[in-house]
Amino acid sequence: LSRQLSDDAIGQRSSRGLDESEVVAFNRDGFLLLGRFVDDDQLNTMRTIYDEVLRRDVGHTFLGKAADGTEVSQIQVLKPEDLFPELWETTYFRGGRRLAAQLLDVPEAGLRGFSHFTYKQPRTGRDTPWHQDEAYWLSPELATREPRAVTIWITLDEASLTSGCMRFVPGSHTGTVHHVFADDETSGLMVADPDTAAARSYPMRAGEASLHHCRTVHAAGANTSDHQRRAWALEFHAEPVPRAEPDRRTWLPELRERMERRALLGLI
Ligand SMILES: O=C(O)CCC(=O)C(=O)O
């Protein structure tokens, strides 16, 4: 159905903001499906830039090994906008920032944003494990201050049950959960003991997007299909607020060490 929307309707979808029932659903579930978010022209522009970024080979392997020990490459490119600042001018970025400001109840100018590409080659064979985005954030102030952020995620190819669609645990955005490392070397984190009984998978077509809270427990499937799955995530952060209780986030020293080893510090 979303493919039948006119370009105008798609433009309005990303510029008019969320209606009351969508805000209520986001606050209840910790995520929201946005449907078709960019028109075909924008989608093609984004794909061209994405492919050029991949061609320059500036990404790093985010998760190195499958559970059975085989090497797989799931490529992540942090801050592609540093290479191609025009990414900030896309409907996706502008619309995403507008929706993030609405959900976090701050002016757009009060948001800090950055993005990353998550690229799954055909037959990657490795999922993105259950995690909360905020588990990756190293800032020491987050021990005593609670981050407020949302991520908007768009797929530039079909993201199906077999090519790596998103999975969310509804209502899981209410607290920080313990994380451990997903493999021996990389900086991939996963929830230590995820309760995924209520989780669902959300296949999306190219150009469709979702939004999630920085504490929503989510994952994405492996790409066992024959086509690539290019996804692009934008994170928008508002000022953190004081926490009632300090949060120890015990995996952070090791995460910092792994990032230092992989020269990723400064990027996140
Ligand atoms: O694209 C993926 O495979 C996972 C993306 C994700 O977890 C995120 O952007 O927070």
Side-chain angles (χ1 to χ4, degrees), residues 26 29-34 37 46-47 50 53-54 59-64 66 72-81 87 92-93 96 99-100 103 113-137 147 149-169 172-173 176-177 179 182-183 186-191 194 196 199-225 227-237 255 267-268:
F26 178 84
D29 298 334
F31 69 94
L32 202 57
L33 302 178
L34 298 170
F37 199 67
M46 286 159 51
R47 283 173 171 156
Y50 202 107
V53 171
L54 289 180
H60 70 279
T61 306
F62 172 58
L63 288 160
V72 291
S73 56
Q74 179 175 322
I75 307 295
Q76 197 169 100
V77 179
L78 298 172
K79 298 190 178 170
E81 60 273 15
L87 287 172
Y92 174 51
F93 173 73
L99 302 191
L103 288 171
F114 72 91
S115 81
H116 61 278
F117 290 165
T118 54
Y119 177 65
K120 290 182 177 167
Q121 291 167 329
R123 298 175 294 279
T124 303
R126 174 76 206 238
D127 61 340
T128 308
W130 295 107
H131 68 281
Q132 295 174 314
D133 290 343
E134 68 166 31
Y136 284 94
W137 302 339
V150 297
T151 299
I152 175 168
W153 183 94
I154 197 166
T155 184
L156 308 189
D157 302 293
E158 178 160 14
S160 66
L161 292 175
T162 56
S163 68
C165 68
M166 290 286 264
R167 303 168 179 161
F168 295 106
V169 181
S172 56
H173 56 308
T176 299
V177 291
H179 283 69
D183 64 41
T186 67
S187 48
L189 289 170
M190 61 185 195
V191 176
T196 58
R200 270 193 57 195
S201 297
Y202 295 91
M204 290 180 216
R205 290 185 251 182
E208 294 186 353
S210 61
L211 254 175
H212 60 269
H213 187 276
C214 58
R215 272 194 300 279
T216 303
V217 174
H218 62 287
N223 184 2
T224 57
S225 80
H227 70 83
Q228 60 182 346
R229 198 231 55 189
R230 291 166 290 186
W232 178 19
L234 295 173
E235 276 179 21
F236 291 100
H237 295 234
L255 179 63
L267 286 172
I268 301 190

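One-based numbering, in listed order, for ligands and for the atoms of each.
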Of all the atoms in ligand 1, which lie at a distance below 4.0 Å from a heavy atom belonging to D133? 10 (O)
Going by the order shown, which atoms of ligand 1 are within less than 4.0 Å of some heavy atom of H116? 9 (O)
With no hydrogens and no angle check, is any side-chain donor or acceptor of Q132 less than 3.5 Å from a backbone partner on V177? yes
H212 heavy atoms, cut-off 4.0 Å: which ligand 1 atoms fall inside? 10 (O)
Any chance the side chains of E134 and T176 put a donor and an acceptor closer than 3.5 Å? yes
Check: R167 side chain, A199 main-chain N or O, donor-acceptor pair, under 3.5 Å: no
Hey, which atoms in ligand 1 end up nearer than 4.0 Å to a heavy atom of A233? 9 (O)
With atoms numbered from 1 as shown, which atoms in ligand 1 lie under 4.0 angstrom from a non-hydrogen atom of H131? 7 (O), 10 (O)
Do S163 side-chain atoms and E158 backbone N/O form a donor-acceptor pair below 3.5 Å? yes
Close side-chain approach of H213 to L103, heavy-atom, < 4.5 Å: no
Would you mind running through ligand 1 and noting each atom that sits below 4.0 Å from a heavy atom of W153? 1 (O), 2 (C), 5 (C), 9 (O)
Which residue and heavy atom of the protein sit nearest atom 1 (O) of ligand 1, plus the separation: T118 OG1, 2.6 Å
When you measure from atom 2 (C) of ligand 1 to each heavy atom in R229, H218, M166, which option holds the nearest one? R229
Matching residue for Y50 among W232, Y92, F117 - test: ring-ring contact (aromatic ring centres under 6.0 Å, His included): F117
Going by the order shown, which atoms of ligand 1 are within less than 4.0 Å of some heavy atom of A220? 2 (C), 3 (O), 4 (C)
For ligand 1, find out whether one of its N or O atoms is nearer than 3.5 Å to an N or O atom of K120. yes
4.5 Å side-chain heavy-atom contact, H131 and H218: yes
